[in-house]
Amino acid sequence: MHEINYQPVLAEPNLIDYDSYYQSFTWDNEFQNLDSLPEGRGLNIAHEAVDRHATGLLKNHVAIRWVRKDRSVKDITFQDLYTHSNQFANVLTLLGVTKGDTVFTLLGRIPELYVAAFGALKKTAVFCPLFSVFGPEPVYQRLSRGDAKILVTTLDLYERKITPILNRLPKLQYVLLTDVQTDINNTVLSLPLLMDKTSTSFIIPPTKSDDAALLHFTSGTTGMPKGALHIHHAVLTHQVTGKLVLDLHPDDMYWCTADPGWVTGTSYGIIAPLVNGVTSIVDEEEFDAARWYSILEEHKITVWYTAPTAIRRLMRMNIQPTKQYNLEHLRLILSVGEPLHADAVRWVQKTFEVPVLDNWWQTETGGIMISNYRNMPVRPGSMGKPLPGVEAGIAEITEDKFRIITKTGKEGHLVLKCGWPSMFKAYLNEKERYKKCFHGKWYITGDLASRDKDGYFWFVGRADDIIKTSGHMVGPFEVESCLMQHDAVAEAAVIGKPNATIGEMVKAFIVLKSGNKPDENLKLDIIAHARKKLGPAVAPKELAFIESLPKTRSGKILRRLLKARELGLPEGDLSTLESS
Ligand code: AMP
């Protein structure tokens with residue numbers, strides 16, 4: 001087995017000896033590194049990430065360095081974030097928000113997003129950031145399922161994405177616009193105007209560790225997106241993984257490229273760096289290779305958390321980063337969201353001359369669960385080993401059997417022993433679905449993996465039909481439901497088709513209603529319909545017309561068969577196929 005042994009550079013790694021740390025680790029011990037609210041009022045993420053620094057030595061330290069689209073910069077100190085989030089919490093009080101109400105944002109990566117996040121957490125509301133690239137339909141699904149009471153957005157996004165769905169959202173009480181100076185009407189209000197009216201002081205009310213804090217939607221194979229609810233206690237995982245995996249040190253300049261609309265962008269783009277008192281770069285713009293390299297150089301990034309899609313894009317470009325840019329400050333690169341294949345690991349290591357550490361986790365786990373570590377030999381292509389405090393296993397699961405496989409090298413379901421702090425508390429309003437994720441003390445992740453004899457985990461694939469495109473989960477049902485709304489479509493099925501850059505591409509198979517001609521114009525029209533409703537990140541990029549969809553006798557679409565046929569792979573067990 002070829003291993004890469006990275007030599008420690010610059011700062012000494014926080015995790016020196018994985019095995020001994022893993023053996024002696026307890027969450028209770030790590031809890032001592034958190035502060036907790038004064039006077040025994042409990043544990044609140046916003047206090048840990050912002051207030052304790054703002055009222056302590058890091059008061060004037062930059063919490064967020066915001067890089068605008070035009071590359072100009074705004075530095076926001078812990079003190080700034082403290083006062084602004086206090087004001088936002090007071091705005092929520094003014095609007096009648098109470099504990100457990102949901103506050104949504106539909107924003108690009110602008111400071112108001114971060115202010116709203118911490119203001120909502122301070123108010124003990126539940127914060128849910130939505131990806132601003134979503135079309136009106138995914139936005140509607142999430143706002144309505146999450147019982148959104150308040151939405152913070154911009155005028156442009158409001159006009160394009162909210163007005164078409166507003167009358168279907170009776171529970172939405174206020175829309176707060178970040179970029180208008182006067183109210184539009186009684187319920188669509190100017191956020192700056194409201195902020196001006198409020199005090200910069202706010203006392204966080206008592207917060208229990210298991211009070212709901214964050215809501216993230218994730219896709220399922222059946223049904224619409226599920227809302228995974230996280231609690232304030234999750235901050236302990238963020239603190240620990242920031243220290244042990246991201247290897248954060250006080251003077252780091254840290255950059256997580258994920259949007260907060262996805263869980264990585266919240267757990268590691270907002271909370272983990274700030275809990276660890278480290279400056280976090282927020283870039284308003286989307287991926288652009290030259291821009292990204294310039295940001296790494298100009299802002300002297302030391303720790304960079306990104307995704308395989310971005311790495312694959314960079315691999316394809318004719319840029320020699322370390323020759324064309326001064327990246328001498330870069331100490332560590334991390335990757336999550338999809339498999340980081342061995343060739344990508346080697347490319348990054350050779351190109352940047354720093355370690356790249358793949359790690360695994362998902363919306364439900366709230367934080368990194370399996371990872372490579374700076375001071376542990378990397379086996380390219382492996383996700384690494386469980387975080388100290390986390391027990392991972394491989395299980396054989398059938399309808400009537402659950403068995404942990406102790407033999408190494410065998411593929412099975414990746415399962416985690418419950419008990420880590422950031423484990424999701426519920427799927428919103430879906431008790432049965434939540435219960436099905438567990439067997440006794442084990443949480444079933446929905447992924448297939450194997451473990452080698454030295455304890456490294458290797459990703460095999462998803463156990464279901466969920467598509468990972470550009471690192472984002474897309475549930476086939478959501479896309480199919482939208483396609484079916486097109487007048488010409490009788491039935492639809494979508495699959496993830498492997499793609500060298502974006503991991504998987506959403507491909508749709510369409511059965512037309514009789515009387516419709518399966519031509520190029522209709523194809524484009526259906527794709528345009530999906531892009532308008534779902535947004536380009538979710539809509540299919542390829543579409544094919546077929547006579548009928550393969551289904552089981554009980555009527556379920558056999559997406560895996562469509563996929564096997566598309567890729568010329570063995571069709572597997574067809575005993576349940578309707579017409580077989
Ligand atoms: P999400 O809930 O959107 O964060 O997606 C989580 C899913 O992404 C996991 O269940 C895996 O299927 C996939 N995933 C995340 N990280 C990795 C990784 N390092 N290697 C392979 N797959 C990953």
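All ligand and atom numbering here is 1-based and tracks the order in the structure.
In terms of the side-chain contact (heavy atoms from CB on, under 4.5 Å) criterion, residue partners of Lys243 (sequence neighbours excluded) are, by chain and number, Asn14, Tyr21, Glu30, Asn33, Asn276. Under the ring pair (Phe, Tyr, Trp, His ring centres under 6.0 Å) criterion, Tyr293 pairs with Tyr325, not counting sequence neighbours.
Side-chain polar atoms of Thr351 and Trp347 form a donor-acceptor pair below 3.5 angstrom. A donor-acceptor pair shorter than 3.5 Å cannot be found between the side chains of His216 and Thr363. With no hydrogens or angles considered, a side-chain donor-acceptor pair links Thr309 and Glu338 at under 3.5 Å. No hydrogens or angles considered: a donor-acceptor pair under 3.5 Å links the side chains of Asp252 and Thr302.
The shell of residues lying under 4.0 angstrom from ligand 1, judged by heavy atoms, excludes Trp262. In this structure, Thr445 does not count as a contact residue of ligand 1, since none of its heavy atoms falls inside 4.0 Å of the ligand.
Counting only heavy atoms of the protein, atom 18 (C) of ligand 1 lies nearest to Glu338 O, 3.3 Å. The single protein non-hydrogen atom nearest to atom 11 (C) of ligand 1 is Asp447 OD2, 2.9 Å, given as residue, atom name and distance. In this structure, the protein non-hydrogen atom closest to atom 5 (O) of ligand 1 is Lys468 NZ, 3.0 Å. Of the protein's non-hydrogen atoms, Gln362 CB, 3.3 Å is the one closest to atom 6 (C) of ligand 1. Nearest non-hydrogen protein atom to atom 21 (C) of ligand 1 is Pro339 N, 3.2 Å. Given atom 3 (O) of ligand 1, the protein heavy atom at minimum distance is Met473 CG, 2.8 Å.
Set against the non-hydrogen atoms of Val336, the atoms of ligand 1 under 4.0 Å away are 16 (N).
Between Tyr305 and Trp255, the gap from one ring centroid to the other reaches at least 6.0 Å.
Closest of all the heavy-atom pairs between Cys437 and Phe424 is SG-CZ, 4.3 Å.
With distances taken over non-hydrogen atoms, the option nearest atom 2 (O) of ligand 1 out of Thr365, Leu448, Leu334, Thr363 is Thr363. Taking each of Val460, Leu340, Asn359, Val263 in turn, the one with a heavy atom nearest to atom 19 (N) of ligand 1 proves to be Asn359. The nearest non-hydrogen atom to atom 15 (C) of ligand 1, considering only Gly503, Pro308, Gly337, comes from Gly337.
Just one of Lys468, Lys563, Lys497 meets the salt bridge (charged side-chain N to carboxylate O under 4.0 Å, His left out) condition when paired with Glu504; it is Lys563.
Inclusion of Asp358 in the set of residues having an N or O under 3.5 Å from an N or O of ligand 1 is warranted.
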